[in-house]
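Okay, so here's the structure we're looking at.
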Amino acid sequence: MAMMDRAGVARSLEQIASYLELKGENPFRVRAFNAAAKSVQGFSGELDAGLADGTLAQLKGIGPAILQIITELVNTGRSALLEELHADVPSGLVDMLAIPGLGVAKIRQIQETLGIETLPELEDAARDGRLAALPRFGQRTAEKILKGIAFLRQASGWRLSHHAAQEAEAFREAFAKLPHILAAHTAGEVRRRCEVVRDLVTVLVADVPPEEVFRQLGTMPGVGEIAGEDERRATLRFAGGSSVQVIVTPPQNLGAVLVQATGSEQHLAALAKVAASKGFNLAGVALWQGSRFVPTPTEESLYAAIGLPWIPPELRESGDEVGQPVPTLLERGDLRGFLHCHTSASDGTNTIPQIVEACQAAGYQYVGITDHSRAAAYAGGLSVERIQEQWTHIDAINATLKNFRILKGIESDILVDGALDYPDDVLAGFDFIIGSIHSRFNLSREEMTERVCRAMDSKYLTILGHPTGRLLLSREPYPIDLDQVLDKAAATGVAIEINADPHRLDLDWRMLAAARKRGITISIGADAHNLAGLANVEFGVGIARKGGLGPSAILNCRDVDGFLEFGRRRRVSS
DNA sequence: GCCGTTTTCGGCCCGACTGTTTTCAGTCG
């Protein structure tokens, strides 16, 4: 069995790159490690199998040296090079790389002139003026760094949803195999499909008392500590630093315990209120009617007992959902089109035929290819000539396909003045266009709003991509008046994207109700850069569900003609 | 460190903005 998974290997390679960069190594060697990390991330298969059959060695950017390191990581979970670098370079310097405005050169300057090697030291220096006094630094730089540190501090302790979901599932599987465990359920924020997660929670159904279960857990490999919180709850801490809260219940009380463990607090408070109004008590982890224990073997039985329909976990947030009719929610199988996908023509890894094959296998009826536009030079944005080539290529493949269609799309930069990135006669040749902001994030709120609204005035724009530009836990959204943007989308008939990249999940689910109230159509865009990116869609579906959206709200639930008609209507009417 | 209808060595992505300077290095996407 592999000692480290794909994400872990990719992270280790990125760490090596960061360390090498901070050591002042050859920048191309640094880039090689970063490129290899990306390649591994996009590898659609098990790493140990890929090592065995040689497919991993054939990946672009993986040569003999890095293959050796990957082998070591997969087989042992460790890398001698990484450990050597870790001992050599203060890890605080790596943390500093995550601060916007700080690159290697400035970090090394800070280290060499001020002797600073940790974030708290850096914060002190930014506060007391030592930082601003350095050559090529100033007051504004110091302020920007303070802001960056504050953001990092707030982000620490949280993890991205895809990492959390993977970790939670690994725990769940391991627990489910233990003796006397009848079932294991993931609860908490992961089950509610929150975009970022602080705590992992697992509910174990057991036919022995909790203390017996905890005794078993203590003997699992890697468990460092068990901290009991009460007779049925404990937090397991592992040697690697991860932790999970475990709640043990007998079968007849699973419903109440699972609801409690899933949250949110506001949802539970609203439930307790309803329960009280019906003569029940739901203050603890069981349902009581006076002094009588009411068995709730399932969540459905709990909700039913207090006169409510079962509420899907994604909706259990503000408490307002309690007492409301439960909407039909989107499911992955409702999606007919796979949208927002980059190929090797720009910054993706796969060719159109490879993407088509994967989309067909996943059950889609069409795929919208959207490489970067020409202004995104760093990402290999397509010139007008290269677009023509891609169209010819797509026409040729489409001619060979049955019951599947490739759509000619583009992720066009929205330029600083709000224009799309090609002249109208080129724009007119696309089947659909996603417009996104990738540069000049530092406009004022008014300017940014104006810029995006102007882009929506183009009759060629079909979908507004990742509307706030946020990168979860690493970059704040750019300033923008979303209410005004939504008004404009409603007025112009432009769809708004839920970008399903787990680093973005943008538009935020909290805004979806407001979007739907205005009648805005929502598009789920994978923002895939490789075949592994097909899995992003599931996260986008989770966000749509949290926003209470069903298939009728979603652009790519339409068949290909319906999808094309959506964009065409804008072009003829304006 | 990786790559090669091309060369097993010598390249490797680049243009614009920012904050600092007073002409430009560093950062970013």
Side-chain angles (χ1 to χ4, degrees), chain A residues 12-40 56-71 79 81-82 85 96-110 112 126 131-148 342 344-349 371-383 386 411-417 421 436-444 447-448 465-466 469-471 474-478 499 501 503-504 527 529:
Chain A
S12 299
L13 292 173
E14 276 167 10
Q15 271 171 359
I16 291 174
S18 297
Y19 280 129
L20 291 174
E21 199 177 0
L22 287 164
K23 283 189 70 170
E25 271 278 350
N26 175 359
F28 296 107
R29 191 176 173 219
V30 173
R31 188 189 297 171
F33 276 96
N34 276 320
K38 243 179 111 181
S39 257
V40 167
L56 202 58
Q58 282 162 17
L59 277 191
K60 215 173 138 230
I62 303 217
I66 290 183
L67 186 67
Q68 162 63 37
I69 291 169
I70 295 175
T71 310
S79 149
L81 174 62
L82 182 56
L85 288 166
M96 290 179 202
L97 276 176
I99 298 172
L102 276 190
V104 172
K106 287 205 154 128
I107 292 172
R108 296 183 69 193
Q109 186 187 356
I110 291 167
E112 279 160 20
L131 202 58
L134 291 184
R136 296 212 149 268
F137 282 69
Q139 201 47 50
R140 299 177 82 144
T141 309
E143 278 163 23
K144 201 172 159 190
I145 287 172
L146 279 178
K147 262 174 116 174
H342 298 269
S344 51
S346 64
D347 61 348
T349 20
D371 274 311
H372 283 288
S373 65
R374 58 186 178 180
Y378 60 91
L382 269 57
S383 65
R386 294 183 62 214
E411 184 183 15
S412 169
D413 268 39
I414 295 174
L415 305 180
V416 70
D417 63 354
D421 201 9
S436 305
I437 286 183
H438 290 124
S439 60
R440 299 295 305 269
F441 296 110
N442 59 335
L443 302 186
S444 72
E447 288 167 328
M448 193 61 99
H466 48 71
R470 75 176 181 190
L471 292 177
S474 76
R475 187 177 74 201
E476 298 268 26
Y478 39 70
N499 188 294
D501 180 334
H503 297 90
R504 295 188 182 270
D527 207 350
H529 287 75

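In what follows, chains carry the letters A, B, and so on, assigned in the order in which the sequence lines appear, proteins first and then strands, with residues in each chain numbered from 1. None of these values were measured; they are calculated from a predicted model.
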Rounded to the Å, how far apart are [X] [atom1] and [N] [atom2]?
| X | N | atom1 | atom2 | answer |
| --- | --- | --- | --- | --- |
| A:Tyr378 | B:dG26 | OH | P | 23 Å |
| A:Glu476 | B:dG29 | CD | C1' | 18 Å |
| A:Asp347 | B:dC14 | CG | P | 15 Å |
| A:Arg440 | B:dG15 | CZ | C1' | 13 Å |
| A:Gln139 | B:dT20 | CD | P | 8 Å |
| A:Gln109 | B:dG26 | CD | C1' | 10 Å |
| A:Leu134 | B:dA25 | CG | C1' | 15 Å |
| A:Leu13 | B:dC2 | CG | P | 11 Å |

Nearest-Å distance once atom [atom1] is located in both [N] and [M]:
| N | M | atom1 | answer |
| --- | --- | --- | --- |
| B:dT27 | B:dT21 | P | 15 Å |
| B:dG4 | B:dT8 | C1' | 8 Å |
| B:dA25 | B:dT20 | C1' | 9 Å |
| B:dC13 | B:dG19 | C1' | 24 Å |
| B:dC17 | B:dG11 | P | 30 Å |
| B:dT5 | B:dG1 | P | 22 Å |
| B:dG29 | B:dT23 | P | 29 Å |

At what distance, to the nearest 0.5 angstrom, does [atom1] of [X] lie from [atom2] of [Y]?
| X | Y | atom1 | atom2 | answer |
| --- | --- | --- | --- | --- |
| A:Arg386 | A:Ser346 | CZ | OG | 8.0 Å |
| A:Glu411 | A:Asp527 | CD | CG | 5.5 Å |
| A:Arg440 | A:Leu415 | CZ | CG | 11.0 Å |

Just call it for [X]: base, sugar-phosphate, or nothing, with non-hydrogen atoms closer than 4.0 Å on any strand.
| X | result |
| --- | --- |
| A:Val30 | nothing |
| A:Ser439 | nothing |
| A:Arg140 | sugar-phosphate |
| A:Pro100 | sugar-phosphate |
| A:Arg108 | nothing |
| A:Arg31 | base |

>> Counting primed atoms plus P, OP1 and OP2 as sugar-phosphate and everything else as base, spell out the protein contacts along nucleotides 3-11 of chain B at 4.0 Å heavy-atom distance: B, S or - for each nucleotide, 5' to 3'.
In response: S--------
> Restricting to pairs with a member in residues 19-30 of chain A, which pass salt bridge (Lys or Arg N to Asp or Glu O under 4.0 Å), not counting sequence neighbours?
Replying inline: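 Applying salt bridge (Lys or Arg N to Asp or Glu O under 4.0 Å) to every pair that reaches into residues 19-30 of chain A, excluding sequence neighbours, yields A:Lys23-A:Asp88, A:Glu25-A:Arg29.
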> Which pair of non-hydrogen atoms, one from A:Ile16 and one from A:Ser79, has the smallest distance, and what is that distance?
Replying inline: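 For A:Ile16 versus A:Ser79, the nearest heavy atoms are CD1-OG, 4.2 Å.
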>> Tell me if a side-chain donor or acceptor on A:Ser412 pairs with a main-chain N or O of A:Ser373 at a distance below 3.5 Å.
In response: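 Looks like no, no N/O pair under 3.5 Å.
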>> Both A:His438 and A:Ala377 contact DNA chain B. Which one's nearest nucleotide lies toward the 5' end?
In response: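 Looking at the nearest nucleotide for each, A:Ala377 comes out on the 5' side.
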>> Can you work out whether A:Val416 or A:Val104 has the more 5'-proximal nearest nucleotide on DNA chain B?
In response: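 Nearest nucleotide further toward 5': that of A:Val416.
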>> Using Watson-Crick or G-U wobble geometry with both distances under 3.5 Å, which nucleotide pairs with B:dG10?
In response: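 Partner of B:dG10: B:dC3.
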Among [options], which nucleotide has an atom closest to any side-chain atom of [X]?
| X | options | answer |
| --- | --- | --- |
| A:Arg136 | B:dG29, B:dC2, B:dC24 | B:dC24 |
| A:Asn26 | B:dC17, B:dG1, B:dG26 | B:dG1 |
| A:Lys106 | B:dT20, B:dG26, B:dC14 | B:dG26 |

Validation: residues 60-71 of chain A side-chain donor-acceptor distances under 3.5 Å, sequence neighbours left out:
{"residue": "A:Thr71", "atom": "OG1", "partner": "A:Leu67", "partner atom": "O", "Å": "2.7"}

> Going by the angle between their ring planes, with limits at 30° and 60°, are A:His372 and A:Tyr378 parallel, tilted or perpendicular?
Replying inline: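 A:His372 and A:Tyr378: tilted rings.
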>> Using 30° and 60° as the class boundaries, would you call the ring planes of A:His342 and A:His529 parallel, tilted or perpendicular?
In response: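 If you compare the ring of A:His342 with that of A:His529, the planes turn out parallel.
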